Amino acid sequence: MITVTGARKNYGSFAALDDVTIDIPSGSLTALLGPSGSGKSTLLRSIAGLESLDSGTVVIGGNDVTDISPQKRDIGFVFQHYAAFKHMTVRDNVAFGLKIRKRPKPEIDKKVNELLEIVGLDGFQHRYPAQLSGGQRQRMALARALAVDPKVLLLDEPFGALDAKVRTDLRTWLRRLHDEVHVTTVLVTHDQEEALDVADRIAVLNKGRIEQIGEPEDLYDRPHNDFVMSFLGSVAKLNGQLVRPHDIRLGRDPDLALAQEAGTAESLGVTRATVERVVHLGFEVRVDLRNEATGEPFSAQVTRGDSAALGLQEGETVYARATRAPELPEAEVPVSL
Ligand SMILES: Nc1ncnc2c1ncn2[C@@H]1O[C@H](COP(=O)(O)OP(=O)(O)OP(=O)(O)O)[C@@H](O)[C@H]1O
């Protein structure tokens, strides 16, 4: 377990971390997710000891490490641009930490072989870093970080510099690796899809503060506020309320849009909108719309079947309403008197 309590870090008058408290359970893969400049890297680097806090504490596995150097924190760290030893082979790069800890050679050989197999680089032992692809280099970095059996693995946008396809492959691979080695892992990412895909817990950061921590599904279905809702997945604004595009029902006339539910168009908030584009995305169809009253654009996501049944054409008027609103905490639900 990693526990950060009341962490503050200022750069001049700017608060990069503004009273951050977070528990990271042992064996979890937790993503720190947030926009650029929200403090994700500062928090990760503070856990690593690469940044010293102005106030607050960092406890790893029951030990207060706030004033302890990074080398003594028992962590593995992988950056976006991994600085490999260029003159050393893959094998020697991975063995590095074990060598400086003066482990016996047979133990080093066994460990390195195991790790190279786990990260899918067996057969690459004798190559040099320059002879690897970007994805292979990041996997080597992970093997090197794992070689010394760290208590905690800290990853700062490890796949950030790779192209989209390699990135997707590597995050699936990271998930599997984590299921195999179970080391407590903290992953910094600004990519919500990456966080939803690999993490079992996500902490959403904004302006140096944690907005919400929870399981991916929880954050997606029960966001605490508009920021979390907008950051985790697409949103549309309908009658002043944020909704997910797949929670919008479209109909040909106001009453149809109400589907099976009772009530009048006015009382249930049906929005007249013009179809601007119909985009086929495999199984689903994205309908780009414009609110006829306010001129605001928004998108709805419907199935191919629904789209075909409605015969949606660009330029036509349809009626839209939210079928499901986010479950905001009680305090934020507007009270009608
Ligand atoms: N050494 C520094 N000196 C001054 N300001 C800094 C320093 N390091 C970080 N900052 C500022 O602190 C804020 C948080 O930075 P941090 O790197 O933690 O953000 P981030 O969420 O990881 O962003 P990104 O995704 O862009 O890396 C930023 O506004 C950044 O400019």
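Ligands are counted one by one from 1 in listed order, and the atoms in each one are counted from 1 as well. Bear in mind that the values here come from a model prediction, so they are computed numbers and not experimental data.
- The heavy atom nearest to atom 18 (O) of ligand 1, considering only Leu44, Leu205, Val188, Thr42, is found in Thr42.
- The side chain to side chain donor-acceptor pair (under 3.5 Å) with Asp23 is formed by just one residue from the set Thr30, Thr5, Thr3; it is Thr3.
- Atom 30 (C) of ligand 1 has as its closest protein heavy atom Phe14 CE2, 4.7 Å.
- Summarising the geometry of Thr184 relative to Ser26, their closest heavy-atom pair is OG1-CA, 3.4 Å, with the distance given to 0.1 Å.
- Lys40 has no carboxylate O lying under 4.0 Å from a charged side-chain N of Asp156, or vice versa, which leaves the two without a salt bridge.
- With a 4.0 Å cut-off on non-hydrogen atoms, Lys40 touches ligand 1 through its backbone as well as its side chain.
- Protein heavy atom in closest approach to atom 26 (O) of ligand 1: Ser36 OG, 2.6 Å.
- One option in Ala15, Gly39, Ala16 has a heavy atom closer to atom 19 (O) of ligand 1 than any other, and that option is Gly39.
- When all heavy atoms of Ile213 and Ile210 are compared, the closest pair comes out as CG1-CG2, 3.5 Å.
- With salt bridges taken as basic N to acidic carboxylate O contacts below 4.0 Å, one links Glu114 and Lys110.
- The closest approach between a heavy atom of Ser38 and any atom of ligand 1 is below 4.0 Å.
- Within the cation-pi definition used here (under 6.0 Å to the ring centroid, within 45° of the axis), Arg45 does not qualify as a partner of Phe79.
- Salt bridge status for Asp54 with Arg8: absent, with no side-chain N to carboxylate O gap under 4.0 Å.
- The protein non-hydrogen atom at the shortest distance from atom 17 (O) of ligand 1 is Ser41 CB, 3.5 Å.
- Of all protein heavy atoms, the one closest to atom 6 (C) of ligand 1 is Tyr11 CD1, 3.2 Å.
- Closest to atom 23 (O) of ligand 1 by heavy atom, among Gly37, Gly160, Pro35, is Gly37.
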